[in-house]
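A short worksheet on the structure shown next.
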Amino acid sequence: MIRASTNVTCPNLDRLLNEQSAERILGEDLGIAWGDAQPKEIRIERAWRRREGGFAIEWSFGLGRARFSVSVATSAELDRWGEENGADGHRTPKLEPWGLGGLHVWMPDRSACVFTPDRDPQLAQLGDCLSSTRMGQYLDIRTPEADGQAQRSDVYCHLMGYRAGRRAAIAYTVDGGNPSERRLLGKAFYDDRAERLLSLHERVGAALAEGSNRRVRVPRPVKVLRDFQMVLFAWEDGRRKPRGFSAQTEFFAAGAAALGVLHNVNLPGLPRFGMSEELCIADHWREALETAFPFDAEAVGEIADRLHVCAAQVELGPDVTLHRDFYEKQFLVRGGTVTLLDLDTLASGPAEVDLGNLLAHATLLALQHEAGIDEFSRLCRSCIEGYEDGGGRARGKALALFTATALLRIGGVHRFRTASRRFTGALWRVAAELAGLGQRRGAGCVGHDATGVHGVGMGQVMAGVFGERFQ
């Protein structure tokens, strides 16, 4: 269990980030139950500062033999929603094929709104997008029957990914229909980016096919559902991240090679993302952590300040086409083909943004698997060598800096998470080493204790690998 601060801008944040308090809210305040079963084994899956102000939090919990999740958000904007809609809202959750639905309750005493994806106030279309009946009518995929009459096919929905107030990924399985239409992936957004994303996939797909002899590709866009602010893609099969650490080296190398190909694709008109934008995100997480966990402020602030100093001393290479959220869950490997996923953050900027993010996630993976230093070193080398095999080029000092900023951010992400907060101190320790603060920094961060993971020497390994490759 973690203890957060009671902050004047988020007066109940400490309770919302407390698993025991969340259990009381779910069971006693909201009355969620399944027969005699009450919510148990509460976990905080993620939390972040909302752009509109306040925080968004995802709780997951066991109920009977299944596990479900709800979202919690707090801000002045939601205060207004509560005043307009009343405190009762929709208090009776129901079990849907895709998960728990039907819940949207404003709790004025806690200044928080608790809701399920189909009741998200900023993604109002999800109620329809997650309805098999509604999507079956909307998609209207027909299957020829023996008597020659075409019957509407059944559509089954599965919520693949969801970020409250921002986006959702939904898999649609069609019972019958043409083989190419039997599995689709829909991505719904809070804004109008769906149409832009379809056009972007078409441009990127054509450029990657030409630049890689079709070895690197993106999902094929099908169409935009404007009423739902959603773009549909053909389903992509392929191997995701292997389970054992020893199998990661080849997988990461394949992804890094595909990244090198993407970085050589020329796509004019993309938004610029450079050093200042990267540091702005690091500062955003610094402020979120200082709000929620003020006793982390000194350690996080020292690293963030050092990154600003280093940024003024680092020479960057030419801009490339950036993925901007590249790590092991953003690509699939099938035979000799790599499929790149989630291109909605595509931008133009220094190559080290993407490669540094991949290496930071490789660090987290090594910590999760308790990998040895030699294994971690091989994984780092495979990333860099694979990237160069794909035609990518990076600069050592810039790569160290962007890896450090990614480690600071990823450490912040996992600081909030019940299952992985023990890795936070080690991630910040490695960031401090790469930023030139030495091995002792980060020791005071939560997670670096008798039960935590230390990550000693990982920053030295990275610095050594960077030095070998880029001198």
Side-chain angles (χ1 to χ4, degrees), residues 46 50-52 56 58 69-71 73 96-104 115-142 152-205 217-237 270-271 323-325 329-332 339-347:
R46 66 182 71 192
R50 303 172 72 241
R51 292 173 183 168
E52 303 85 353
E58 181 185 334
S69 63
V70 297
S71 296
E96 302 283 1
W98 49 266
L100 195 69
L103 183 69
H104 192 163
F115 54 92
T116 48
D118 59 329
R119 298 290 185 179
D120 190 320
Q122 293 177 295
L123 288 169
Q125 73 270 38
L126 289 191
D128 286 329
C129 294
L130 289 166
S131 166
S132 295
T133 300
R134 183 74 174 97
M135 292 306 295
Q137 295 171 345
Y138 198 90
L139 294 175
D140 196 27
I141 297 174
R142 301 278 175 162
R152 179 179 288 136
S153 302
D154 293 329
V155 175
Y156 303 95
C157 308
H158 175 58
L159 185 61
M160 300 283 293
Y162 169 64
R163 179 158 178 160
R166 287 291 176 262
R167 58 185 178 269
I170 305 169
Y172 297 106
T173 303
V174 180
D175 184 11
N178 297 324
S180 62
E181 296 178 315
R182 286 179 184 163
R183 296 191 76 186
L184 299 168
L185 178 68
K187 297 194 72 175
F189 300 93
Y190 74 101
D191 57 13
D192 62 353
R193 74 180 66 188
E195 197 150 356
R196 299 197 304 271
L197 191 57
L198 183 141
S199 173
L200 187 60
H201 268 74
E202 291 174 340
R203 292 172 59 201
V204 175
R217 56 194 302 276
V218 296
R220 178 177 62 84
V222 177
K223 61 180 175 179
V224 172
L225 306 181
R226 291 182 179 85
D227 291 349
F228 298 147
Q229 295 175 262
M230 171 185 279
V231 59
L232 289 175
F233 297 95
W235 184 263
E236 293 291 341
D237 288 316
L270 295 175
H323 183 283
R324 259 208 61 212
D325 188 26
K329 292 183 179 179
Q330 299 288 35
F331 58 89
L332 303 172
T339 303
L340 302 179
L341 307 175
D342 290 350
L343 303 185
D344 47 294
T345 56
L346 222 62

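With sequence neighbours left out, Arg324 forms a salt bridge (Lys or Arg N to Asp or Glu O under 4.0 Å) with no residue at all. Residues meeting the side chain to side chain donor-acceptor pair (under 3.5 Å) test with Arg163, sequence neighbours left out: none. Take Ala171 and apply the side-chain contact (heavy atoms from CB on, under 4.5 Å) test, not counting sequence neighbours, and it matches His158, Met160, Trp235. Among residues two or more places apart in sequence or in another chain, the side-chain contact (heavy atoms from CB on, under 4.5 Å) test is passed with Ala164 by Trp48, Ser71, Phe115, Asp120, Tyr162. For Glu202, there are no salt bridge (Lys or Arg N to Asp or Glu O under 4.0 Å) partners two or more places apart in sequence or in a different chain. In this structure, Arg167 has no salt bridge (Lys or Arg N to Asp or Glu O under 4.0 Å) partners at least two apart in sequence or on a different chain. For Gln229, there are no side chain to side chain donor-acceptor pair (under 3.5 Å) partners at least two apart in sequence or on another chain. Under the side-chain contact (heavy atoms from CB on, under 4.5 Å) criterion, Thr116 pairs with Val70, Leu100, Leu103, Asp118, Arg119, sequence neighbours left out. Partners of Arg226 by side chain to side chain donor-acceptor pair (under 3.5 Å), not counting sequence neighbours, listed by chain and number: Glu195. Under the side-chain contact (heavy atoms from CB on, under 4.5 Å) criterion, Thr339 pairs with Arg217, Pro219, Glu236, Leu332, Leu341, sequence neighbours left out.
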Without placing hydrogens or testing angles, list every side-chain donor-acceptor pair under 3.5 Å for residues 185-193, not counting sequence neighbours.
{"from": "Lys187", "atom 1": "NZ", "to": "Asp342", "atom 2": "OD1", "distance (Å)": "2.6"}
{"from": "Lys187", "atom 1": "NZ", "to": "Asp344", "atom 2": "OD1", "distance (Å)": "3.4"}
{"from": "Tyr190", "atom 1": "OH", "to": "Arg51", "atom 2": "NH1", "distance (Å)": "3.3"}
{"from": "Asp191", "atom 1": "OD1", "to": "Arg193", "atom 2": "N", "distance (Å)": "3.3"}
{"from": "Asp191", "atom 1": "OD1", "to": "Arg193", "atom 2": "NE", "distance (Å)": "3.0"}
{"from": "Asp191", "atom 1": "OD2", "to": "Arg193", "atom 2": "NE", "distance (Å)": "3.2"}
{"from": "Asp191", "atom 1": "OD2", "to": "Arg193", "atom 2": "NH2", "distance (Å)": "3.0"}
{"from": "Asp192", "atom 1": "OD1", "to": "Arg196", "atom 2": "NH1", "distance (Å)": "2.9"}

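Remark: the Asp128 side chain and the Tyr138 side chain contain no N/O donor-acceptor pair separated by less than 3.5 Å.
Arg50 CZ to Gln122 CD: the interatomic distance, rounded to the nearest 0.5 Å, is 5.0 Å. The distance from atom CG of Leu198 to atom NE2 of His201, rounded to the nearest 0.5 Å, is 8.5 Å.
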Where do His323 and Gln330 land on the side-chain contact (heavy atoms from CB on, under 4.5 Å) test, with the steps shown first? CA-CA 9 Å; His323 183 283; Gln330 299 288 35; 3.9 Å; yes
